[in-house]
Trainee: 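First the structure, then my questions, so here it is.
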Amino acid sequence: MTPESDSPDTGSERDSEPTHEHAFQAETQRLLDLVIHSLYTHKDIFLRELISNASDALDKLRFEGLTRPELLPAGELEIELKLDSESRSLEVADNGVGMTRAEAVENLGTIARSGTRQFLERLGEADAEVSRDLIGQFGVGFYASFMVADEVEVLTRRAGEEGATRWRSRGDGTFQVEDAQRDECGTSVRLKLREPDEEDGLRDYAAEPELRRIVRRYSDFVAYPIRLQIDAGERTEPLNSRQAIWTRPAAEVGDEEYAEFYKHVSHDWNEPLERVSVHIEGNYEARALLFLPSQAPLDLYHADSAQRGVQLYVKRVFIMDDCREMLPEWLRFVRGVVDAEDAALNVSRELLQNDRQVRAIRKRLVKKLLDSLERMLREEREKYARFWAEFGPVLKEALYSLEPERERVLKLLLCETSESAGGLTTLAEYVERMGEGQEEIHYLTGGSPEMLRRSPQLEAFRARGREVLLLSDRIDEVWPQQQPEFEGRRLAPVGQGELAPSDESQKEALEAKQSLHRDLLQRLRSLLQEEVKQVRFSTRLTDSPVCLVGDEGDLSPRLEEMLRQSGQDVPATKRILELNPDHPLIGGLQGLFEREPASETLARCARLLYAQALLIEGQTPPDPAGLAEQLGALMLDALGD
Ligand code: ADP
């Protein structure tokens, strides 16, 4: 990794060192070319990178100063931006740890960061457009300076050393190094700013408002003051608030300040519903300050929405917005900040996906968020219900994911039931209420709880004193099949499969009816063979004459429709028409059938029964005009000639 040079460069030989010309390491040059030539957007970040380096250097010195206080500068540890508008020169200076000559050559001439090689290889295959995006998200660090400057000069002095080093490059393949003088330890990076060029996305970085804007946006929470000095005039107050609110003790901050911060990171006008602070120690150190919004954003269900998600910071320096790797999709409504201590995270989003540290942090964040939701459910039920109303359907996405947390999420589920009269229940509460002999958790899916509550499919369950969960979110059509158990009890859809008679006498009665009406059932089946796969009696109904059910494992009509809407080619599943053997209509139909087996009225009744079953479910019968005609004809019949 040593740069090509014809004589060794070490700090100790500095007294006799003349100016040396070095070539950049090949990879560095490639990265530089990419930075200069393909990065049209994100130019602002050059300043963030320089400030971030300065802040690191201050961290290091502060750390070394713990054991060697003589290294620390007399004044405050700080970062200074010095602007000379005449010459368009911008200097970013720190009084941090600085670099020896050898370190400057090594650090600023090579890229030692892991992942850089793979990154460049990937860039090699990508087209220009993609390259630009990738590189924009990749921390190009110090080299980002060449996006905005024709020439970069670094003057640096290592803490504890006398002499300094000047490093200079035009980003054209070589850099020069020479001995120099600097009053105190630290580093100044001086950029000869290019003229602004709007077309090239190059703003006027020699303008004070631009500098203030960038510092506020990206480096507001840097722990050291960032001051601005223009044309050797007065130094300003710090441009950054320096308030890394997540590092401060909660008692000191107060709800109002947290809420302001929430609004700042989320761009939400409402107060947050809940705050979750996380402090991760051990192998991977990080802090997070997360919020649950009180209202779902409009674009919550748009896959490609411009969400803000959580911001990633590394050591108080802003890295990226909407860092999706930090939380699973089903927690995408969470807002806030994650601040990791390991600078290796300053990489592309692609690399973050496979990062062990990110995985470890994410796991902890998920755990803490679930802890917090569980607590809210336990202690603040009403507030939890508000949360659930906004984000419940998103949380349910965990139930069909492969995430290990899905068991925990299942416990967080709230839903209405056939007996709840609008109130919400958890699965655990449901199980507690289950009566003698009930093994399964019954549920019914469909359009809305109100409609479900009137479903004839619930009749037998009511008659037997069984409560049924009413699941009306679209996602409810999917997850119970993926997650068919809760604490060892099966989740059983009430609209599928045969419902066993409740006892021996009911069974006998059903069998007797079946043999009594065998021919009628046969006739109805042949009349409806296009529409349903079976016509049968069942004990599911107590009041209504008919309902439609599926075989076990059949797609529900709503799921079928959802799949079709998403462009999938699903064959229509025929359903089963169940009749109530005790309904007076059956006697009437039997009479008509015996008198006139080929009766047109019987055929009409069969089609009407089917249409009626569809209507009760909230479905539109396939031929509404035909249905209206049948009804008209029947009315005429009823009114007599
Ligand atoms: P990164 O900061 O991601 O390591 P950079 O290209 O920005 O990559 O910087 C390379 C290295 O140069 C840094 O790791 C650091 O060792 C050194 N460096 C850069 N800026 C400074 C500075 N202001 N003070 C001291 N060292 C610095």
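Hydrogens, waters and symmetry mates play no part in the numbers below; they use all other heavy atoms, side chains included. Just so you know, ligand 1 is whichever comes first in the structure, and atom 1 is the first atom listed for that ligand.
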Trainee: In a check of ring-ring contact (aromatic ring centres under 6.0 Å, His included) between F175 and each of Y143, F142, F146, F24, which one passes?
Mentor: F24
Trainee: Counting N and O atoms only, with roles assigned by atom type, does the side chain of D204 sit under 3.5 Å from a partner on the main chain of P196, one being a donor and the other an acceptor?
Mentor: no
Trainee: May I ask you to check whether L108 has an N/O atom sitting below 3.5 Å from an N/O atom of ligand 1?
Mentor: no
Trainee: For ligand 1, find out whether one of its N or O atoms is nearer than 3.5 Å to an N or O atom of Y143.
Mentor: no
Trainee: Which atoms from ligand 1 have a heavy atom of F142 less than 4.0 Å away?
Mentor: 5 (P), 6 (O), 7 (O)
Trainee: Under 3.5 Å, is there a donor-acceptor pair between the side chain of N240 and the main chain of I226?
Mentor: yes
Trainee: Does an N or O anywhere in D56 fall below 3.5 Å from an N or O of ligand 1?
Mentor: no
Trainee: Which pair of heavy atoms, one from L202 and one from E195, lies closest together, and at what distance?
Mentor: CD2-O, 3.1 Å
Trainee: Is ligand 1 under 4.0 Å from a heavy atom in the side chain of N107, in the backbone, in both, or in neither?
Mentor: both
Trainee: State if M99 counts as touching ligand 1 under the rule of any non-hydrogen atom under 4.0 Å.
Mentor: yes
Trainee: When you measure from the side chain of R335 to the backbone N and O of R332, does any donor-acceptor pair fall under 3.5 Å?
Mentor: yes
Trainee: Quick one: does any side-chain atom of E64 pair with a main-chain N or O of L61 as donor and acceptor, under 3.5 Å?
Mentor: no
Trainee: Does only the side chain of D94 get under 4.0 Å from ligand 1, or the backbone, or both, or neither? Count heavy atoms.
Mentor: side chain
